[in-house]
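Heads up: the structure comes next, in structure tokens.
Side-chain atoms are counted along with the backbone in the values below, which use heavy atoms only and exclude waters and symmetry mates. In this chain, residues are counted from 1 in sequence order.
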Amino acid sequence: MASGALVQGSKDLGASEGKGLHIGLWVAQVLLALVFLGAGLLKSFTPVAELQTKMAWIKDGMDPLVRFIGVTEVLGALGMILPTATRIKPWLTPLAAVGLALTMVLAAMTHWQLGEYPGIVTNVVLGGLAAFVAWGRFGKAKVPAR
């Protein structure tokens, strides 16, 4: 009897840990979606000349690159939420997370080259959150497809 209670207790503990991981992943996914949706829409629709006054890394002639980055950030933001929420191809969420983490690595390298060291902190935090989502949704807390 006592061993049965111990086993039952450990099952409950595992279930609550799994639920906590899912909640943590959802919080990270929503935060990433909000940040990247905002940044992506800004880069996608704001005139590049105006963006140059706000972002030192944007130089003349970079219009296509800025727009490409904006669109990929918007797609990454959508990938954080839609596949998991709808359970339609939920394996796309960790792929989107890997893409956003890679984006943050490249952004950090750009900030490093420009000597914008405080900007790297944001890249590390967002990249870390994206890596956490990729890790969790690839293995520990997969969301089953419909």
Side-chain angles (χ1 to χ4, degrees), residues 6 8-146:
L6 181 61
Q8 181 63 34
S10 63
K11 283 183 184 176
D12 291 341
L13 179 63
S16 66
E17 285 176 354
K19 186 176 181 180
L21 180 59
H22 274 288
I23 291 169
L25 286 165
W26 268 114
V27 168
Q29 286 172 240
V30 169
L31 288 172
L32 287 166
L34 290 172
V35 168
F36 281 102
L37 184 63
L41 290 174
L42 184 74
K43 291 177 189 121
S44 295
F45 296 108
T46 304
V48 174
E50 187 179 328
L51 289 174
Q52 284 177 314
T53 63
K54 299 174 186 177
M55 301 177 191
W57 61 271
I58 300 175
K59 308 294 181 213
D60 288 331
M62 292 182 70
D63 298 28
L65 178 61
V66 172
R67 299 299 186 215
F68 174 76
I69 293 169
V71 169
T72 58
E73 287 177 341
V74 169
L75 292 174
L78 294 174
M80 283 292 99
I81 303 295
L82 294 178
T84 305
T86 63
R87 292 184 179 217
I88 298 172
K89 300 188 181 190
W91 51 269
L92 289 173
T93 294
L95 287 181
V98 168
L100 292 177
L102 178 59
T103 300
M104 289 299 94
V105 168
L106 296 172
M109 291 169 49
T110 300
H111 286 300
W112 182 269
Q113 288 177 337
L114 294 173
E116 300 173 347
Y117 304 116
I120 296 172
V121 174
T122 302
N123 300 141
V124 169
V125 170
L126 293 174
L129 280 174
F132 168 66
V133 170
W135 168 81
R137 293 300 183 204
F138 266 133
K140 286 284 193 181
K142 286 183 181 177
V143 173
R146 287 196 221 189

Name all residues meeting the side-chain contact (heavy atoms from CB on, under 4.5 Å) criterion together with [X]; count only those two or more places apart in sequence or in a different chain, and write none if there are none.
| X | value |
| --- | --- |
| A85 | W26, I81 |
| A141 | L21, H22, L25, R137 |
| A96 | M80 |
| L34 | V30 |

Write down the atom of [X], the atom of [Y], and the distance for their closest heavy-atom approach.
| X | Y | result |
| --- | --- | --- |
| G61 | P64 | O-CD, 4.0 Å |
| V74 | G40 | CG2-C, 3.6 Å |
| F132 | A28 | CD2-CB, 4.0 Å |
| A101 | A131 | CB-N, 4.3 Å |
| K142 | P144 | O-CD, 3.8 Å |

Original post:
If you look only at pairs with a residue in residues 27-45, which of them pass as a salt bridge (Lys or Arg N to Asp or Glu O under 4.0 Å), with sequence neighbours excluded?
Top reply: K43-E73

Quick one: [atom1] on [X] to [atom2] on [Y], what's the gap to the nearest 0.5 Å?
| X | Y | atom1 | atom2 | result |
| --- | --- | --- | --- | --- |
| M104 | L102 | CE | CG | 9.5 Å |
| L42 | T46 | CG | OG1 | 4.0 Å |
| I69 | I58 | CD1 | CD1 | 8.0 Å |
| L92 | T86 | CG | OG1 | 9.0 Å |

**OP:** Keeping to residues at least two apart or across chains, list the side chain to side chain donor-acceptor pair (under 3.5 Å) pairs with something in residues 74-84.
**Re:** T84-T93

**OP:** With sequence neighbours excluded, give me every side chain to side chain donor-acceptor pair (under 3.5 Å) pair touching residues 98-107.
**Re:** none

Original post:
Is there side-chain contact between F138 and L95, with at least one heavy-atom pair below 4.5 Å?
Top reply: yes

Original post:
Side chains of T110 and L106: closer than 4.5 Å at any heavy-atom pair?
Top reply: no

Subject >> All pairs passing ring-ring contact (aromatic ring centres under 6.0 Å, His included) where residues 92-115 contributes a residue, at least two apart >> reply: W112-Y117

Subject >> Inter- and intrachain pairs under ring-ring contact (aromatic ring centres under 6.0 Å, His included), touching residues 52-102, at least two apart >> reply: none

Subject >> salt bridge (charged side-chain N to carboxylate O under 4.0 Å, His left out) partners for K54, two or more places apart >> reply: E50

Original post:
Can you name the salt bridge (charged side-chain N to carboxylate O under 4.0 Å, His left out) partners of E116, sequence neighbours left out?
Top reply: none

If you look only at distance, which donor and acceptor atoms sit under 3.5 Å apart when one is on a side chain in residues 123-130 and the other is two or more places apart or in another chain?
residue: N123; atom: OD1; partner: A108; partner atom: N; Å: 3.4

